[in-house]
Amino acid sequence: MAEEAVVVVFDFDRTLIDGDSDNWVVTEMGLTQLFRELRSTMPWISLMNRMMMELHSKGKTVEDIEECLRRMPLHPRVIESIRAAHGYGCDLRIISDANQFFIETILKRHGLLGCFSEIVTNPAFVDAEGRLNIVPFHDSASSPHGCNLCPSNMCKGLVLKRIQAADSEFMKRRYVYLGDGRGDYCPCLRLGTRDFVMPRKSFPLWNLIFNDQMLIKAVIHEWSDREELAGVLLDIIDRILTDENTRTGLMALPDNGGKTTQVSYP
């Protein structure tokens with residue numbers, strides 16, 4: 001077992017899931033026109049909270065939103081890779097600019113919520129009137145994060161820094177970070193030479209990384225589709241754990257039994 005020697009950090013939208021959970025709800029629940037009208041007038045999280053207000057005013061319940069989210073697909077190979085990584089003993093986490101309600105609902109639907117030790121995202125709660133509220137992780141007015149690389153509502157780099165700070169002097173865990181968006185760039189700058197970053201090919205994170213690859217210390221392995229994401233991730237985990245097992249005199253893990261993509265390592 002990995003004994004949490006490996007921390008795998010997932011972005012959620014367009015990474016762990018192929019699409020965007022916010023856009024899914026907006027489209028499936030008939031909010032596209034209003035969303036487009038208001039898009040340029042307010043920050044994204046405020047806009048999504050406004051969409052929840054609209055649904056409530058139309059008589060839509062939290063249960064209706066849950067049912068909509070449960071219909072969002074998650075690729076079988078991604079499900080398999082998450083369960084395999086969890087079974088190996090990896091510490092799986094999510095750092096996402098989506099929101100708590102959307103993420104937890106989708107993960108519960110696919111039986112994956114218990115695989116993750118922590119989900120850091122924009123909070124969501126149901127108020128006394130039964131309306132779903134979505135609020136920013138960082139309050140830009142009362143506690144701005146001060147990072148010019150990240151949106152005002154969340155600095156993922158600060159979140160990753162806090163996770164890394166929990167590592168003891170004698171247990172420097174190795175990190176694998178999977179992401180696609182501009183907000184994923186800041187935490188990738190905090191990864192070390194023994195870590196890995198998996199950017200989605202031709203998405204903003206990938207473009208930022210390859211605009212100046214020398215700024216990234218971690219080993220870079222891109223991916224394009226869900227099969228490739230799962231294969232590369234399990235290959236990386238296998239290699240890290242084999243290295244750890246060799247160092248401690250333990251036997252290597254058995255083959256993950258799934259389709260993999262050959263990658264090279266330092």
Side-chain angles (χ1 to χ4, degrees), residues 10-83 86 92-140 151-154 156 159 178-181 183-184 200 203 226 229:
F10 294 87
D11 174 43
F12 191 71
D13 292 323
R14 302 185 192 88
T15 299
L16 196 150
I17 60 174
D18 193 34
D20 182 286
S21 56
D22 289 345
N23 288 334
W24 175 271
V25 170
V26 166
T27 301
E28 294 290 311
M29 302 197 76
L31 298 171
T32 301
Q33 183 59 38
L34 178 61
F35 184 88
R36 289 174 177 171
E37 291 173 0
L38 298 177
R39 176 66 187 96
S40 62
T41 67
M42 62 183 73
W44 185 275
I45 300 303
S46 299
L47 178 57
M48 285 306 300
N49 192 51
R50 174 68 176 81
M51 295 299 100
M52 298 305 101
M53 184 186 302
E54 181 69 14
L55 290 177
H56 184 70
S57 71
K58 291 178 178 293
K60 298 295 183 180
T61 65
V62 172
E63 289 74 23
D64 293 328
I65 300 171
E66 284 181 326
E67 180 57 33
C68 174
L69 289 163
R70 284 195 288 265
R71 297 196 301 269
M72 188 161 198
L74 185 55
H75 197 284
R77 282 285 288 146
V78 174
I79 295 174
E80 291 170 8
S81 66
I82 291 170
R83 288 177 176 162
H86 181 255
L92 306 184
R93 299 172 184 247
I94 292 172
I95 306 177
S96 169
D97 202 15
N99 69 79
Q100 181 181 359
F101 185 86
F102 287 14
I103 293 174
E104 291 187 357
T105 300
I106 293 170
L107 292 179
K108 285 178 185 177
R109 165 67 180 84
H110 296 282
L112 296 176
L113 183 58
C115 293
F116 294 91
S117 66
E118 184 179 26
I119 298 171
V120 182
T121 186
N122 298 294
F125 64 93
V126 180
D127 63 21
E129 297 180 353
R131 180 173 79 84
L132 181 64
N133 293 259
I134 303 171
V135 297
F137 179 78
H138 285 121
D139 187 327
S140 60
S152 62
N153 64 288
M154 174 175 278
K156 293 185 178 183
V159 176
L178 298 88
D180 71 281
D184 295 306
R200 188 171 185 177
F203 277 67
R226 322 314 289 169
L229 179 154

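Hydrogens, waters and symmetry mates are skipped; everything else that's a heavy atom, side chains included, is used.
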How far apart are the C-alpha atoms of Trp44 and Asp97, what are their side-chain angles, what is the distance that settles it, and do they pass the side-chain hydrogen bond (donor to acceptor under 3.5 Å, both in side chains) test? CA-CA 10 Å; Trp44 185 275; Asp97 202 15; over 6 Å; no
Between [X] and [Y], what is the shortest heavy-atom contact and its length?
| X | Y | value |
| --- | --- | --- |
| Phe116 | Ile119 | CB-CG1, 4.5 Å |
| Asp22 | Asp20 | N-OD1, 2.9 Å |
| Asp184 | Gly179 | OD2-CA, 3.6 Å |
| Pro136 | Asn153 | CB-CB, 3.7 Å |
| Phe203 | Asp180 | CB-O, 3.5 Å |
| Met154 | Val120 | CE-O, 3.9 Å |

Supply the atom-to-atom distance [X] [atom1] to [Y] [atom2], rounded to the nearest 0.5 angstrom.
| X | Y | atom1 | atom2 | answer |
| --- | --- | --- | --- | --- |
| Ile17 | Met72 | CD1 | CE | 3.5 Å |
| Ile95 | Phe10 | CD1 | CZ | 12.0 Å |
| Lys58 | Met29 | NZ | CE | 10.5 Å |
| Leu47 | Ile134 | CG | CD1 | 10.0 Å |

I'd like to check the side-chain contact (heavy atoms from CB on, under 4.5 Å) partners of Arg131; sequence neighbours left out, ordered by chain and number.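 Per chain and number, Arg131 pairs via side-chain contact (heavy atoms from CB on, under 4.5 Å) with Asn49, Met52, Met53, His56, Asp127, Asn133.
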Using the test side-chain contact (heavy atoms from CB on, under 4.5 Å), find all partners of Arg71 that sit at least two apart in sequence or belong to another chain.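 If we apply the side-chain contact (heavy atoms from CB on, under 4.5 Å) test to Arg71, skipping adjacent residues, the hits are Trp24, Glu28, Glu67, Cys68.
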Could you check if a side-chain atom of [X] sits within less than 4.5 angstrom of a side-chain atom of [Y], using non-hydrogen atoms only?
| X | Y | result |
| --- | --- | --- |
| Leu69 | Arg109 | no |
| Met48 | Asn99 | no |
| Lys60 | Ile65 | no |
| Ile82 | Leu16 | yes |
| Phe102 | Leu132 | yes |

What residues form a salt bridge (Lys or Arg N to Asp or Glu O under 4.0 Å) with Arg93, not counting sequence neighbours?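 Result, salt bridge (Lys or Arg N to Asp or Glu O under 4.0 Å) vs Arg93: Asp91, Glu118.
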Would you call Asp11 and Arg200 a salt bridge, taking side-chain N to carboxylate O under 4.0 Å as the test?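 Judged by the 4.0 Å cut-off on N to carboxylate O distance, Asp11 and Arg200 do not form a salt bridge.
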Is the backbone N or O of [Y] less than 3.5 Å from a side-chain atom of [X], with the two atoms forming a donor-acceptor pair by type?
| X | Y | result |
| --- | --- | --- |
| Thr121 | Ala98 | yes |
| His110 | Leu112 | no |
| Asp13 | Ser21 | yes |
| Ser81 | Val78 | yes |

Show your reasoning for whether salt bridge (Lys or Arg N to Asp or Glu O under 4.0 Å) applies to Arg83 and Glu80. CA-CA 5 Å; Arg83 288 177 176 162; Glu80 291 170 8; over 6 Å; no
